[in-house]
Amino acid sequence: MRRRSLLIAVPTGLVTLAGCGDDESDTSKAGDSASPAASESASASAAPPPKIVDGPLPAITAGTKFGEKPTVAKGSGDPSKQLAVKTVIAGGGKVVAEGDFILANYLGQLWDTAKVLDNSYDRKAPLLTQIAQGSTMEGWRYALTGKKAGSRVEFSVPPTWGFGKAGNAQVGVKGTDTLLFVFDIEDTFSAKSSAKGKDVAQDDADLPKVGTNTDGKAPSIDIPKADAPTKLVANYVIEGDGEELKADSTVLVQYKGVIWDTGKEFDSTYSSGKLTSFSLQQVVKGWGQGLTGKKVGSRVLIVIPPKLGYGDSPQPGSGIKKDSTMVFSVDILAKM
């Protein structure tokens, strides 16, 4: 699996299905344990909002185009004690709002020495993180909210909105260090995000029909008057043109789940108003197998028989009976 950024302050979400399935599977919730930066930046999360100032900020001396790995000069003189933020390249995409997930490439380094602490460019894997209090570094939250997708943003983060007075020994940050970041924001996703692609014919009368609306509202799921399939079903409803998911991919999704026998909804990001991010290795087998190979941007119908779902051990309070067949509509919004 791809290495997670050590600079993320808090893990980026839970999936309600994580940790469910048969007893032989060794699964765990995506957010059960915080990253090393989480506990060490807890004090910073309680700080009052910073002032946003223009500088000072060092020059980007190479890799100046959006999407290129930047080389950033060492900071000159004392950094701002507030949040210095500059939009280096102005994008024309959607505005990042509080609570959104962003997909972005980034580089982080120390102000005083220009030592690079981490970057996603070398991994060729953009970061997927939520811009919300308690979900990421406070400096990121304040600097990136209000920016547009397609933008390159450079900003400095003093300890108050970074790792606090404790610093982060694992990353190599002291409690007095100011951090410098460059972010290339590729996309942003909110609770109103939907699949993007071409509708695919749903011509099997024995399978559920899923709505094809892409207005951010929950699609309908119509269950046929037929016996539930005994094997996994994973069909495109809307086929996107993004990258195919791998078995260990981490994804951001909208989804709605109902029970085959009753058509009753038991879980939905549309109802909660919160997107979900998870690894395909940390969900029930039906989800992992059903989404592997599917393209980002797609809406997928997944019908999960009991042996690939909860089986005879549904979660208490889930509203799911033993040996239930579950039906999902899943919009694959992004892949990390």
Side-chain angles (χ1 to χ4, degrees), residues 1-2 12-18 20-21 25 27 30 101 103 124-128 186-204 206-223 228-258 260 267-270 275-305 307-309 325-336:
M1 293 180 66
R2 287 170 174 157
T12 56
L14 304 175
V15 58
T16 55
L17 295 177
C20 305
S25 62
T27 55
F101 283 79
L103 189 69
K124 302 186 184 304
L127 174 71
L128 180 64
E186 294 187 356
D187 209 344
T188 182
F189 305 93
S190 71
K192 295 183 179 180
S193 295
S194 291
K196 296 178 181 178
K198 295 182 179 179
D199 293 357
V200 176
Q202 302 178 68
D203 50 14
D204 189 334
D206 291 330
L207 291 178
K209 299 295 185 294
V210 177
T212 56
N213 58 297
T214 56
D215 55 1
K217 296 180 181 179
S220 58
I221 301 178
D222 297 324
I223 308 295
T230 58
K231 295 182 179 180
L232 177 70
V233 174
N235 296 340
Y236 282 121
V237 175
I238 298 173
E239 185 173 357
D241 59 2
E243 187 178 353
E244 291 186 358
L245 301 184
K246 298 179 180 179
D248 62 351
S249 292
T250 293
V251 296
L252 180 69
V253 301
Q254 286 264 40
Y255 71 88
K256 173 181 174 180
V258 303
W260 181 287
D267 197 10
S268 170
T269 56
Y270 301 96
L275 303 179
T276 272
S277 174
F278 56 84
S279 165
L280 295 188
Q281 293 185 327
Q282 295 174 313
V283 289
V284 293
K285 289 182 177 180
W287 267 71
Q289 294 176 17
L291 292 180
T292 297
K294 294 297 189 285
K295 298 175 185 177
V296 173
S298 300
R299 176 170 297 167
V300 182
L301 163 69
I302 305 180
V303 182
I304 302 179
K307 64 182 179 180
L308 297 177
T325 295
M326 299 182 292
V327 182
F328 289 94
S329 169
V330 184
D331 282 16
I332 308 168
L333 302 179
K335 169 185 176 292
M336 182 175 175

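The two residues S194 and G216 have their closest heavy-atom pair at OG-N, 3.0 Å. In terms of heavy atoms, L232 sits closest to G290 at CD2-N, 3.8 Å. Of all the heavy atoms in T292 and A247, the pair that sits closest is OG1-CA, 3.6 Å. Taking each heavy atom of S329 and P219 in turn, the nearest pair found is OG-CG, 3.4 Å. L275 and A191 get closest at one heavy-atom pair: CD2-CA, 4.1 Å. The two residues G286 and I302 make their nearest non-hydrogen contact at O-CG2, 4.0 Å.
By the 4.5 Å heavy-atom criterion applied to side chains, L128 and S277 are counted as neighbours. V200 is not listed as a side-chain neighbour of N235, based on a closest heavy-atom distance of 4.5 Å or more. Taking the side chain as every heavy atom from C-beta outward, Q202 and V237 approach each other to under 4.5 Å. Side-chain atoms of F101 and L103, non-hydrogen and from C-beta on, never get closer than 4.5 Å to each other. Looking at I304 and F328, their side chains come closer than 4.5 Å, going by heavy atoms from C-beta outward. In this structure, I223 and V327 have side chains that are in contact, with non-hydrogen atoms separated by less than 4.5 Å. In this structure, the side chains of P229 and K231 stay at 4.5 Å or more apart for every pair of heavy atoms.
With a 6.0 Å radius and a threshold of 12 heavy atoms from other residues, nucleotides or ligands, K209 has its NZ atom above the threshold. Annotation for D241: atom CG does not count as buried by contact number, only 12 or fewer foreign heavy atoms lying within 6.0 Å.
Salt-bridge annotation for D331 and R299: present, with a side-chain N of the basic residue lying under 4.0 Å from a carboxylate O of the acidic one.
One distance of note links CG of D215 with NZ of K192; it measures 10.0 Å at 0.5 Å rounding. Of the inter-residue distances, the one linking K196 atom NZ with L333 atom CG reads 9.0 Å to the nearest 0.5 angstrom. To the nearest 0.5 Å, the span separating CG on L207 from CG on L301 amounts to 6.5 Å. Expressed to the nearest 0.5 Å, how far OG1 of T212 lies from NZ of K198 amounts to 15.0 Å. To the nearest 0.5 Å, atom CG of residue D248 and atom CG of residue L280 are 8.0 Å apart. A distance of 12.0 Å separates CD of Q254 from OG1 of T214, quoted to the nearest 0.5 Å.
No donor-acceptor distance shorter than 3.5 angstrom exists from the side chain of E243 to the backbone of K335, with no hydrogens or angles considered. Remark: the backbone N or O of V300 is not paired with any side-chain donor or acceptor of S298 at under 3.5 angstrom. Remark: the backbone N or O of Y255 is paired with a side-chain donor or acceptor of T269 at under 3.5 angstrom. Using a distance-only test at 3.5 Å, with no hydrogens or angles considered, no donor-acceptor pair links the side chain of S249 to the main chain of V251.
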Quick one, L245 with V296, criterion side-chain contact (heavy atoms from CB on, under 4.5 Å). Give me CA distance, side-chain angles, the key distance, then yes/no.
CA-CA 7 Å; L245 301 184; V296 173; 4.0 Å; yes
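For A218, the side-chain contact (heavy atoms from CB on, under 4.5 Å) partners at least two apart in sequence or on another chain are K256, Y270. T325 is linked by a side-chain contact (heavy atoms from CB on, under 4.5 Å) to A228, W260, V303, P306, counting only residues two or more places apart in sequence or in another chain. A search for side chain to side chain donor-acceptor pair (under 3.5 Å) contacts involving K295 returns E239, not counting sequence neighbours.
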